Amino acid sequence: MTSLKQFIRNVRSAKTIADERAVIQKESAAIRASFREESHDSGIRRNNVAKLLYLFTLGERTHFGQIECLKLLASHRFADKRLGYLGTMLLLDENQEVLTLVTNSLKNDLNHSNQYIVGLALCALGNIASVEMSRDLFPEVESLLSTANPYIRRKAALCAMRVCRKVPDLQEHFFEKAKTLLSDRNHGVLLCGLTLVIDMCEAEEAEEGQEGVIEMFRPLAGGLVRALKGLTTSGYAPEHDVSGITDPFLQVKILRLLRVLGRGDAATSELINDILAQVATNTDSTKNVGNAILYEAVLTILDIEADSGLRVLGVNILGKFLTNKDNNIRYVALNTLNKVVAIEPNAVQRHRNTILECLRDPDISIRRRALDLSFMLINESNVRVLVRELLAFLEVADNEFKPAMTTQIGIAADRFAPNKRWHVDTILRVLKLAGAYVKEQILSSFVRLIATTPELQTYCVQKLYMSLKEDISQEGLTLAATWVIGEYGDNLLQGGQYEEEELVKEVKESDLVDLFNNILNSTYATQTVIEYITTASMKLTVRMSDPAQVERLRRFLNSRTADLSVEIQQRAVEYTNLFGFDQVRRGVLERMPPPEIREEQRVFGAPTKKRQSKILKDKTKKAVKPAEQDMLLDLMGGDEPATSPTGNGSQNTADLLADILGGGSGLSSPAPQPTQKPAQSNTAAIMDLFGSNGNTPSPRPAEPTSSSLDLLGGLASAPPATSTPPPSAAPAHTAFDKNDLALTLQVQRGSGGNAQIQARFRNSSNFSRFSGVGLQAAVPKSQRLQLSAINKTDLDAGEEGIQLLKVASMNGALPPKLRLRLRVTYAMDGSDPVTDQVDWTEP
């Protein structure tokens with residue numbers, strides 16, 4: 001057998017992994033053989049267990065030596081017990097069955113006359129105790145807390161903390177002993193007692209509605225304040241001194257417990273205010289030890305019910321931390337200020353320049369924290385200064401910062417902009433610097449801002465045009481400029497008088513077409529960009545007066561009718577067909593009216609209840625003309641015309657149905673509502689403005705996820721399940737009869753405020769065939785609709801198809817007469833699909 005030193009030397013001298021493996025396997029085999037020999041020499045056993053511990057550090061299997069560790073525990077020699085307990089703590093855990101054999105050894109050693117053996121047992125119990133072992137041995141730990149030996153009291157306090165974590169029910173057995181520890185004069189015992197009490201109190205805080213433990217220890221706050229005052233005013237104590245400060249570890253622990261006891265209690269907070277001010281002003285901040293105490297004092301000040309002056313003092317300490325050369329201290333200060341800024345905004349504002357300086361720090365983690373804090377500092381009075389600094393940082397920032405920065409700057413501009421001109425210039429600057437990282441919500445908000453500000457539309461289109469001519473690499477800039485040029489291109493061609501010299505230059509119609517061609521021929525022409533340009537080109541055909549340029553745009557659109565992208569191909573086909581109806585094309589492509597800015601469309605948060613009620617009242621006052629809705633639905637492929645460029649789902653489509661019906665009772669979305677799909681691209685945000693949300697039009701009516709089911713938002717989706725028809729006792733009422741296709745509704749009312757409707761389609765022709773037959777429906781908001789799929793979508797002459805509808809009242813009984821909005825979809829003899837909409841009221 002080799003010694004431990006020789007074994008380690010052999011492992012380290014191995015030149016390859018195979019050699020090392022061979023050495024380990026040979027030694028492991030020798031250790032196993034030695035264990036089988038049942039040698040009574042404790043020196044050999046100790047040597048073998050020491051080798052096992054070394055193998056454990058190498059990640060090797062050591063399970064075969066667990067019993068040998070237990071044998072060492074039974075030895076009377078301290079060296080054997082020390083190694084045995086070390087092996088037990090490393091090689092075993094509370095899930096090992098063999099651990100139950102350790103309980104008796106621990107019980108004996110906890111009552112041993114040698115303090116160091118008692119300390120070993122307490123350390124082992126705290127590390128590997130199971131629930132059963134804790135319940136068996138806690139009386140010994142409790143009795144050791146009151147022993148005269150401070151060494152054992154320290155160990156017992158920490159062991160009690162571990163036992164209480166493992167079995168919270170045992171806490172009550174240690175309360176009185178813990179109070180005694182807090183008045184102990186020995187620094188080590190007091191430190192361990194504080195650790196025990198803090199752990200008990202924080203565990204109690206985690207259980208909501210229970211503060212019994214904290215209330216029990218609050219009367220001791222006065223003694224803790226005196227102890228802390230003694231530490232701060234005492235002179236040099238060599239046994240507890242660290243860099244000239246007396247026992248900083250104990251000071252930090254006392255401050256932490258005072259924070260727990262003073263949280264939410266005004267009387268305790270008042271008691272400790274003075275000592276906190278004394279610690280904050282008298283502690284030396286030139287050394288790291290002093291900074292640790294100051295940081296804990298600041299956390300305590302900010303967490304208790306401290307007065308405003310003390311809070312300002314705490315914030316000033318954090319501001320001083322920001323000027324420290326140590327990166328860790330600056331990071332801690334920034335991290336804490338992020339939590340404080342909502343409580344003491346004015347105090348944090350005083351350190352604004354120092355925070356902005358941290359944006360130039362080489363450490364990326366400090367830059368990130370400083371950036372988060374800078375955005376939280378923005379308000380109406382400093383928005384110009386801070387946004388200017390943030391834009392300067394955006395110019396040199398790493399790419400990983402840009403997505404969050406562009407969003408936050410957009411939110412800040414939307415919330416605190418002093419005027420709309422500044423708002424436009426700020427977002428335009430963001431688009432120039434990091435347009436490729438601008439999120440869809442910010443882009444949509446910018447477009448909506450332009451659409452609702454007529455006095456700046458000429459200025460915006462000129463600025464965006466000049467910016468796009470200079471740089472086409474930023475996708476966000478390209479998308480915004482393309483949409484604005486398409487919508488307000490006539491303003492650009494007419495020119496305008498602004499103070500910027502470059503804006504008064506004449507722009508020719510051919511320049512716009514050439515710009516679009518340059519973008520399309522570049523490497524930056526993504527599918528989204530092509531979609532935007534396709535729609536903008538169509539709009540420009542009614543904004544331009546030169547037939548040659550209109551023809552260029554028409555040829556471009558015609559060239560995209562065979563595009564590989566189905567979305568682009570479909571739009572190009574639709575737009576090309578509109579050239580055959582010149583009057584309709586000019587009507588459809590008129591300038592969009594300014595969208596209504598609803599609170600839920602703003603990018604920086606949800607509306608309050610008060611604002612929501614006001615929004616609801618405004619919605620009922622304004623009705624959308626059904627004729628305008630139907631024209632856009634038919635001409636733009638059956639998609640919903642949106643009044644907002646956001647494209648993020650904030651437009652409540654159920655409210656649109658309410659407006660179509662006159663804004664009175666309104667219509668509701670039937671339950672269950674379909675899950676809102678996330679936006680697939682930025683194109684939806686802008687294309688919504690002119691009636692296209694990027695979905696495929698005219699889908700099959702039986703598909704529950706088709707875009708036609710989202711036409712009015714409140715239409716019920718049709719699951720693929722089929723049902724049996726309701727009883728035929730009720731009379732059938734004709735709701736639709738056109739082109740030899742008849743629809744009758746048969747209403748069967750049930751109990752509990754619900755009704756079942758059987759919709760029956762009949763092909764009454766002699767030779768015609770209908771395909772893709774389907775029904776969609778909407779009900780008032782006070783009702784809920786469930787729509788089943790039709791059992792037969794293709795009807796030959798004389799055939800019938802049945803579809804079931806279930807209507808339930810959401811607040812009582814159904815009205816005497818049901819009211820439905822129906823949309824019938826069909827294709828006759830293979831022709832294009834036809835969609836007819838009717839309003840039906842029960843006779």
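Sequential numbering from 1 along the given sequence is applied to the chain's residues. What you are looking at is a predicted structure, and each value in this text was computed from that prediction instead of being measured.
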Q) Is any side-chain N of the basic residue among Arg429 and Glu395 closer than 4.0 Å to the acidic one's carboxylate O? A) yes
(Q) Can you confirm whether more than 12 heavy atoms, excluding those of Phe393, are under 6.0 Å from its CZ atom? (A) yes
(Q) I want to check something: taking the side chain as every heavy atom from C-beta on, are Glu487 and Met592 in contact at a cut-off of under 4.5 Å? (A) yes
Q: Can you measure from OG1 (Thr526) to CD1 (Ile519) and round to the nearest 0.5 angstrom?
A: 10.5 Å
Q: Mind listing the closest non-hydrogen atom pair of Met405 and Ala397 along with its distance?
A: SD-CB, 4.3 Å
Q. Hey, is the main chain of Leu377 close enough, under 3.5 Å, to the side chain of Asn382 for a donor-acceptor pair?
A. yes
Q | Donor-acceptor pair between Asn338 and Asp372 side chains, under 3.5 angstrom | A | no
Q. Can you tell if the side chain of Tyr331 reaches within under 4.5 Å of the side chain of Leu334, non-hydrogen atoms only?
A. no
Q: For the residue pair Phe446 and Val424, establish whether any side-chain heavy-atom pair is separated by less than 4.5 Å.
A: yes
Q.
Would Glu202 and Val260 count as a side-chain contact (heavy atoms from CB on, under 4.5 Å) here? Give the steps.
A. CA-CA 8 Å; Glu202 289 180 345; Val260 176; 4.3 Å; yes
Q.
Any non-hydrogen side-chain atom of Arg352 less than 4.5 Å from a side-chain atom of Leu386?
A. yes
Q.
If we ignore hydrogens and angles and just use 3.5 Å, is the side chain of Thr452 paired with the main-chain N or O of Leu449 as donor and acceptor?
A. yes
Q. Donor-acceptor pair, Asn521 side chain versus Asn517 backbone, under 3.5 Å?
A. yes
Q | Derivation and outcome, side chain to side chain donor-acceptor pair (under 3.5 Å), residues Asp363 and Ser365 | A | CA-CA 6 Å; Asp363 192 320; Ser365 59; 2.6 Å; yes
**Q.** Shortest non-hydrogen contact between Leu391 and Leu433, atoms and distance
**A.** O-CD1, 3.6 Å
Q) Is there a donor-acceptor pair closer than 3.5 Å between any side-chain N or O of Arg421 and the backbone N or O of Leu456? A) no
**Q.** Donor-acceptor contact below 3.5 Å, side chain Asn316 vs main chain Val312
**A.** yes
Q | Full working for side-chain contact (heavy atoms from CB on, under 4.5 Å) between Phe516 and Ser537 | A | CA-CA 8 Å; Phe516 283 176; Ser537 299; 3.6 Å; yes
Q. Hey, is the main chain of Gly262 close enough, under 3.5 Å, to the side chain of Ser269 for a donor-acceptor pair?
A. yes
Q.
How close do Lys432 and Gln474 get, counting heavy atoms only, and between which atoms?
A. O-CG, 3.6 Å
Q. Does a donor on one side chain and an acceptor on the other come within less than 3.5 Å for Asn379 and Ser381?
A. yes
Q) So, Tyr575 and Arg560: side-chain donor and acceptor under 3.5 Å apart, yes or no? A) no
Q: Would you confirm whether Thr535, through its side chain, and Tyr532, through its main-chain N or O, come within 3.5 Å as a donor-acceptor pair?
A: no
**Q.** Step-by-step side-chain contact (heavy atoms from CB on, under 4.5 Å) determination, Glu357 to Asn353
**A.** CA-CA 6 Å; Glu357 283 295 322; Asn353 293 334; 5.7 Å; no
Q. To the nearest 0.5 Å, how far apart are CD1 in Ile533 and CG in Leu553?
A. 11.0 Å
Q: Provide the closest heavy-atom pair for Leu477 versus Leu431 in the form atom of the first, atom of the second, distance.
A: CB-O, 3.8 Å
Q) Can you find a heavy atom in the side chain of Leu390 that is under 4.5 Å from one in the side chain of Leu359? A) yes
Q | Donor-acceptor pair, side chain of Gln457 and main chain of Ile450, under 3.5 angstrom | A | yes
Q) How many angstroms lie between atom CG of Leu318 and atom NZ of Lys320, to the nearest 0.5 angstrom? A) 12.5 Å
(Q) Keeping Asp398 on the side-chain end and Phe401 on the backbone end, is there a donor-acceptor pair under 3.5 Å? (A) no
Q: Using a cut-off of 6.0 Å, state whether more than 12 heavy atoms not belonging to Lys402 lie near its atom NZ.
A: yes
Q.
To check you understand the geometry: which heavy-atom pair defines the closest contact between Ile472 and Asn518, and what is its length?
A. CD1-O, 4.3 Å
Q. Is any side-chain heavy atom of Ile301 closer than 4.5 Å to a side-chain heavy atom of Ile317?
A. no
(Q) Measuring only between side-chain heavy atoms, which start at C-beta, is Pro418 closer than 4.5 Å to Arg384? (A) yes
Q.
Out of the candidates Arg367, Arg330, Arg369, only one should pair with Asp361 under the side-chain hydrogen bond (donor to acceptor under 3.5 Å, both in side chains) rule; please name it.
A. Arg330
Q: Heavy atoms only: give me the nearest Ile485-Val461 pair and the separation to one decimal.
A: CA-CG2, 3.9 Å
Q) Any side-chain heavy atom of Thr482 sitting closer than 4.5 Å to one from Val529? A) no
(Q) Rounded to the nearest 0.5 Å, what separates atom CG in Leu310 from atom CD in Glu344? (A) 10.0 Å
Q | Ser445 side, atom OG; Lys439 side, atom NZ - distance, nearest 0.5 Å | A | 14.5 Å
Q. When rounded to the nearest 0.5 angstrom, what distance separates CG in Asp471 from OH in Tyr524?
A. 7.5 Å
